[in-house]
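For reference, the structure is listed below as structure tokens.
As the structure is a computational prediction, the values presented were derived from the model and not from experiment.
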Amino acid sequence: MPELPEVETTCRGIAPHLVGQRIERLVINNASLRWPVPETLKKLLPDQTIRSVTRRAKYLLIAIDSGTLIVHLGMSGSLRLAPPDEARLKHDHVELYLDNSLCLRYCDPRRFGSWLWTTDDPEQHSLLINLGPEPLGKQFSAKYLFTKLQNRKQAIKTLIMDSHLVVGVGNIYANEALFMAGIHPQRSGSSVTLEECTLLVSQIKKILTHAIRRGGTTLRNFVGGDGKPGYFAQELMVYGRGGEACQRCQATLQEIRLGQRTTVFCPICQH
DNA sequence: ATGCGGACCTGTTAGC
DNA sequence: TGCTAACAGGTCCGCA
């Protein structure tokens with residue numbers, strides 16, 4: 001799925017086309033996403049104007065006059081702007097028709113994503129209220145991470161992927177950041193020093209920023225809101241390279257499972 | 001509170 | 001070539 005850079009790219013791609021537009025209608029082709037898409041949206045949304053499109057963690061927040069759509073792309077979701085008469089794809093489950101003769105289509109083969117609605121401050125929604133800080137914000141610092149790691153026995157990789165600790169670090173970037181910081185993914189949280197936290201936090205920020213600049217990693221066929229594909233995986237140092245030579249020391253990269261996620265690391269460079 | 005495993009679903013790929 | 005099993009970018013929930 002979309003990791004944070006893909007969601008950010010989508011947000012930036014679609015926002016200029018959505019903000020200020022009046023909604024004509026919402027079509028739900030398949031309401032069975034992670035949670036059912038509320039049928040009431042079909043009556044609620046028409047004639048309302050989109051005020052803003054923002055991102056919190058991997059959630060896209062589409063603010064309308066009377067509330068906010070909370071959209072998550074799950075593992076396989078994508079949003080794209082299409083001409084309203086364009087044939088829809090097999091997995092285009094939700095379609096938002098706008099005034100400017102564009103249609104926002106939500107495609108999600110695995111249906112792990114969600115379209116939710118709230119009339120309150122979206123930050124207070126149960127899915128958002130307990131989220132950790134944004135990885136690119138200044139709240140996510142070495143000191144913050146170090147404090148959070150105290151007395152934690154879980155593997156550092158699992159911990160940096162925990163959205164209660166920090167949001168937006170998915171499997172790909174967790175692997176990459178740990179490699180760049182020279183930290184073994186299986187180390188317990190409490191064994192990571194403040195100095196290592198400094199390295200790790202700066203690598204997480206660097207890698208995510210870089211990926212956003214490149215328009216998202218795009219594994220298979222992710223397409224940003226503007227229809228441009230992101231860059232491919234050739235810039236990744238470890239993810240997807242188990243068994244290959246480490247680009248830094250030539251040792252064979254190891255692949256293991258950690259918390260049911262594929263984990264790749266260099267047994268020499270990462271301690 | 002923390003940690004772990006299972007669950008949600010379809011599509012693609014690796015292996016026999 | 002065809003069938004089957006394993007695996008894929010996420011993250012919530014329930015249980016120990």
Side-chain angles (χ1 to χ4, degrees), chain A residues 1-11 29-37 55-60 70-79 89-94 106-116 125-132 135 147-177 185-191 204 207-208 211-212 214-224 229-236 238-243 255-264:
Chain A
M1 126 134 239
E3 292 225 22
L4 182 117
E6 283 79 357
V7 181
E8 178 65 23
T9 301
T10 298
C11 184
N29 298 309
N30 187 346
S32 348
L33 302 185
R34 176 151 198 188
W35 294 284
V37 181
R55 176 190 65 73
R56 167 70 173 119
K58 291 175 186 167
Y59 294 94
L60 283 165
I70 302 175
V71 177
H72 197 287
L73 303 180
M75 224 39 172
S76 59
S78 62
L79 285 167
L89 304 174
K90 184 179 175 186
H91 297 292
D92 285 345
H93 304 311
V94 183
Y106 174 76
C107 184
D108 186 4
R110 290 176 75 177
R111 290 189 275 121
F112 283 177
S114 47
W115 275 63
L116 298 172
H125 190 276
S126 60
L127 290 176
L128 304 195
I129 189 132
N130 290 316
L131 292 176
T147 304
K148 287 289 186 181
L149 294 181
Q150 296 318 298
N151 304 315
R152 299 300 299 267
K153 292 180 182 141
Q154 271 189 310
I156 183 64
K157 175 168 179 262
T158 308
L159 287 166
I160 59 172
M161 290 178 69
D162 180 350
S163 62
H164 302 292
L165 207 159
V166 59
V167 301
V169 182
N171 196 34
I172 295 178
Y173 299 117
N175 280 299
E176 295 298 310
Q186 283 180 302
R187 289 260 302 280
S188 72
S190 57
S191 76
I204 288 171
I207 290 166
L208 290 176
I212 290 169
R214 298 308 188 87
T217 291
T218 291
L219 283 185
R220 294 187 169 77
N221 48 16
F222 171 80
V223 175
Y231 80 114
F232 239 95
Q234 64 264 35
E235 291 190 42
L236 300 175
V238 289
Y239 184 83
R241 294 185 186 277
E255 190 164 316
I256 59 170
R257 304 279 296 172
L258 209 53
Q260 33 253 72
R261 307 308 296 276
T262 298
T263 302
V264 189

Of Q260(A) and N151(A), the one whose nearest nucleotide on DNA chain B sits closer to the 5' end is N151(A)

Of dT2(B), dT11(C), dC9(B), the nucleotide closest to the side chain of R152(A) is dT2(B)

Taken to the nearest whole Å, CD1/I160(A) to P/dG3(B) is 15 Å

Taken to the nearest whole Å, NE2/H164(A) to C1'/dT2(B) is 11 Å

Among dG10(C), dC12(C), dC4(B), the one nearest any side-chain atom of Y59(A) is dC12(C)

Of dC9(B), dC12(C), dG10(C), the nucleotide closest to the side chain of M75(A) is dG10(C)

Regarding the side chain of Q154(A), the nearest nucleotide among dG3(B), dG11(B), dC9(B) is dG3(B)

Regarding the side chain of F112(A), the nearest nucleotide among dC9(B), dG11(B), dT2(B) is dC9(B)

By the 4.0 Å heavy-atom rule, please label R111(A) as base, sugar-phosphate, or nothing. sugar-phosphate

- Message: Over all strands shown, is R261(A) touching base, sugar-phosphate only, or nothing at heavy-atom distances under 4.0 angstrom?
- Response: base

### Query
Under 4.0 Å: is that the gap between some side-chain N or O of K90(A) and OP1 or OP2 of dT10(B)?
no

Please check: side-chain N/O of E3(A) versus main-chain N/O of I172(A), any donor-acceptor pairing under 3.5 Å? yes

D162(A) atom CG is separated from dA1(B) atom P, nearest whole Å, by 14 Å

Gap in Å between the two P atoms, one belonging to dA6(C) and one to dG6(B), rounded = 14 Å

Among the nucleotides dG3(B), dT10(B), dC12(C), whichever has the atom closest to the side chain of L159(A) is dG3(B)

message = Does a side-chain N or O of K58(A) approach OP1 or OP2 of dT11(C) to a distance below 4.0 Å, or not?
response = yes

Rounded to whole Å, the NE2-P distance (H93(A) to dT10(B)) equals 9 Å

Review point. So, does R55(A) use its side chain to make a donor-acceptor pair with the main chain of A57(A) at under 3.5 Å?
Key: yes

Point to revise | OP1 or OP2 of dT10(B) under 4.0 Å from side-chain N/O of H91(A) | key: no

L258(A) CG to dG5(B) P, in whole Å, measures 11 Å

In Watson-Crick or G-U wobble terms, with both distances under 3.5 Å, the base opposite dC9(B) is none

Side chain S114(A), main chain R34(A), donor-acceptor under 3.5 Å: no

Rounded to the nearest 0.5 angstrom, the CG-CG distance for L149(A) and L159(A) is 6.0 Å

Donor-acceptor contact present, side-chain T263(A) to main-chain R261(A), <3.5 Å
yes

Taken to the nearest whole Å, NZ/K157(A) to P/dC4(B) is 14 Å

message: Say we look at dG11(B) and dT1(C): how far apart would their P atoms be, to the nearest angstrom?
response: 22 Å

Atom CD1 of I156(A) and atom C1' of dG3(B) are separated, to the nearest Å, by 15 Å

Output for pair (L236(A) CG, N175(A) CG), nearest 0.5 Å, gives 9.5 Å

note: L127(A), atom CG; dC13(C), atom P; distance rounded to Å ~ 7 Å

Of G259(A) and Q150(A), the one whose nearest nucleotide on DNA chain B sits closer to the 5' end is Q150(A)

